[in-house]
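Bear in mind the structure is a predicted one, so any value in this text is a computation, not a measurement. Side chains are part of it too, since the values below use all heavy atoms of this structure and drop only hydrogens, waters and symmetry mates. Below, chains carry the letters A, B, ... as their sequence lines are ordered, and counting in each starts from 1.
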Amino acid sequence: MLSTLLLNTCIAAFCKCRRLAKAEAVIIDGIRLGVLPDVVTYNTLVDAYCRIVGLDEGYSILQRMREAGITPDVVTYNSLIASATRKRLSSRVLDFFDEMLQAGIPPDLWSYNTLMHCFFKIGKPDEANRIFRDIILSDFPPCPTTFNIMLNGLCKNGYINNAIMLFRNLEHHRFVPQLITYNILINGLCKARRLRAARKTLQKLGESGIEPNAITYTTVMKCCFRSKQYQKGLEIMSLMRSKGYTFDGFSYCTVIAALVKTGRVEEANSYMEKMTTNGIELDLVSYNTLLNWYCKEGDLESAFKLLDEIEKGGLECDQYTHTIIINGLCKAGNFESAQRHLETMNVMGFDSNLVALNCLIDGLGKSGQIDRAIRLFDSMEVRDSFTYTSLVYNLCKARRYKFASELLLSCVRDGMEIPKSAKRAVLNGLRGLGLIHEAKNLQSKIRMARILR
DNA sequence: GTAGGGTTAG
């Protein structure tokens with residue numbers, strides 16, 4: 001006899017492997033046999049539609065639910081809130097929260113955890129912190145996930161010292177860190193270039209008796225590549241392969257991107273082959289990695305062919321995809337197409353693209369169009385250290401050291417770091433022109449700016 | 001039903 005429990009198990013299984021039509025068919029079969037869907041059935045569907053199709057489609061299940069005489073519960077809304085959070089749609093998150101309260105459904109700890117995650121994700125750590133304090137002071141005892149979200153949010157928003165403190169406090173509160181907790185902190189420390197602390201945390205993980213997983217290894221491997229320890233990074237990849245941890249595209253993309261970046265395209269190619277022959281389904285990030293590899297090779301024809309393939313396959317290109325293409329066009333000296341592509345991005349509703357503008361600045365400078373690069377620089381509302389570095393280097397190349405020196409100083413005064421090599425290029429240039437006093441002056445001004453900030 | 005790793009620029 002088919003029961004609702006069995007029906008729900010069956011539907012959950014189909015949803016998990018993204019077969020929504022099958023899941024719907026099971027519901028219809030169930031109704032025919034007299035087994036009616038319940039709130040769990042619909043909640044499973046809401047979550048699946050949100051993940052696989054989209055937030056609006058997930059929300060439309062709510063209507064179907066009501067028509068079937070079933071009242072949504074806190075789980076229904078939590079799924080919607082989580083989906084809006086994943087998409088960074090903060091106003092939708094707040095709307096769902098309101099709607100839930102209006103419907104008389106009290107939020108639970110999961111709702112607050114997700115809300116906290118949402119605030120971190122949209123770069124509002126103070127708001128997230130407020131929710132965290134509310135949870136601590138409320139009747140809900142926080143759960144490990146609450147701390148994990150907090151720890152991750154602190155790391156991602158640049159509060160690494162607070163994250164370290166929270167981790168220590170966890171131990172004081174006898175909250176045993178989970179593997180996910182270690183992974184969050186190790187990743188945060190690696191990204192903040194606190195390598196010694198990362199190593200210590202990794203050691204602690206080993207002492208705890210928990211086995212590191214694929215995520216731990218990918219994190220550490222990426223950190224090796226970032227700190228130019230390529231051999232060590234590749235050794236970790238071999239280790240991962242022998243342990244069977246290369247079952248998805250994450251490790252491959254990390255390795256391939258690192259090799260492409262350093263110009264080792266042949267080796268990148270061999271990993272690309274390994275990835276495809278191992279039957280790993282390519283997702284957008286893998287395609288982006290592949291696309292970047294074509295661009296680096298200067299094979300724009302294949303890149304555009306791949307772009308077509310991605311879109312025909314039903315994947316939606318993202319900011320990375322377009323930026324990689326723009327960078328490829330710049331490297332090929334086709335600035336008009338690059339600029340057109342950037343404008344198309346704006347029309348498509350993407351936010352202004354600082355990375356792409358930086359690619360344009362650098363490309364223009366390198367191709368000798370320094371004045372055009374300066375005009376673009378002047379027109380930019382937001383600039384970062386890449387913007388300054390590119391222009392400073394290219395001004396040096398054009399022997400305009402005085403201008404380069406002014407830019408270098410305003411970069412440091414704005415609190416941004418610039419590579420030592422860029423600073424050296426300016427100082428050597430000034431000295432080369434016999435402007436010894438100016439060079440000394442620049443050095444002391446940079447020192448002063450660093451002290452004052 | 002919430003949390004962790006991969007893709008772009010100097």
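Taking side-chain N and O atoms only, K156(A) has no distance below 4.0 Å to OP1 or OP2 of dA3(B). Here K261(A) does not reach the OP1 or OP2 of dT7(B): none of its side-chain N or O atoms lies under 4.0 Å away. One finds no side-chain N or O of K121(A) lying less than 4.0 angstrom from the OP1 or OP2 phosphate oxygen of dG4(B). Remark: N292(A) is in phosphate contact with dT8(B), judged by side-chain N or O atoms under 4.0 Å from OP1 or OP2. For the OP1/OP2 pair of dG5(B) and a distance below 4.0 Å, the side-chain nitrogens and oxygens of N187(A) include at least one atom meeting the criterion. Contact check, N152(A) against dG4(B): a side-chain N or O comes under 4.0 Å of OP1 or OP2. Contact annotation: K191(A) side-chain N/O to dG6(B) OP1/OP2 distance is under 4.0 Å.
Listed by chain and number, the residues in a side chain to side chain contact (heavy atoms under 4.5 Å, CB included) with K124(A) are F119(A), I122(A), E127(A) (sequence neighbours excluded). Applying the ring-ring contact (aromatic ring centres under 6.0 Å, His included) criterion to F14(A), with sequence neighbours excluded, gives no partner residue. Remark: S60(A) pairs with no residue by the side chain to side chain contact (heavy atoms under 4.5 Å, CB included) rule, at least two apart or across chains. Residues forming a salt bridge (Lys or Arg N to Asp or Glu O under 4.0 Å) with D47(A) (at least two apart in sequence, or on another chain): R51(A). Among residues two or more places apart in sequence or in another chain, the side chain to side chain donor-acceptor pair (under 3.5 Å) test is passed with E297(A) by none.
Going from atom NZ of K331(A) over to atom P of dA9(B) covers 7 Å, rounded to whole Å. Between the P atom of dG6(B) and the CG atom of L290(A) lies a distance of 19 Å, rounded to the nearest Å. Per the geometry, CE belonging to M275(A) stands 10 Å off C1' belonging to dT7(B), to the nearest Å. When rounded to the nearest whole Å, the span between NZ of K296(A) and P of dT8(B) equals 10 Å. In this structure, L306(A) atom CG and dT8(B) atom P are separated by 15 Å, rounded to whole Å.
Among dT8(B), dG5(B), dA3(B), the nucleotide with an atom closest to any side-chain atom of N148(A) is dA3(B).
The stretch residues 382-390 of chain A touches DNA chain B through D384(A), S385(A), F386(A), T389(A), S390(A), each having a heavy atom within less than 4.0 Å of the strand.
Both the sub-6.0 Å distance and the 45° axial angle are not jointly satisfied by R64(A) relative to the ring of Y42(A).
F350(A) and H322(A) have perpendicular rings, their planes meeting at more than 60° on a 0 to 90° scale where under 30° would count as parallel.
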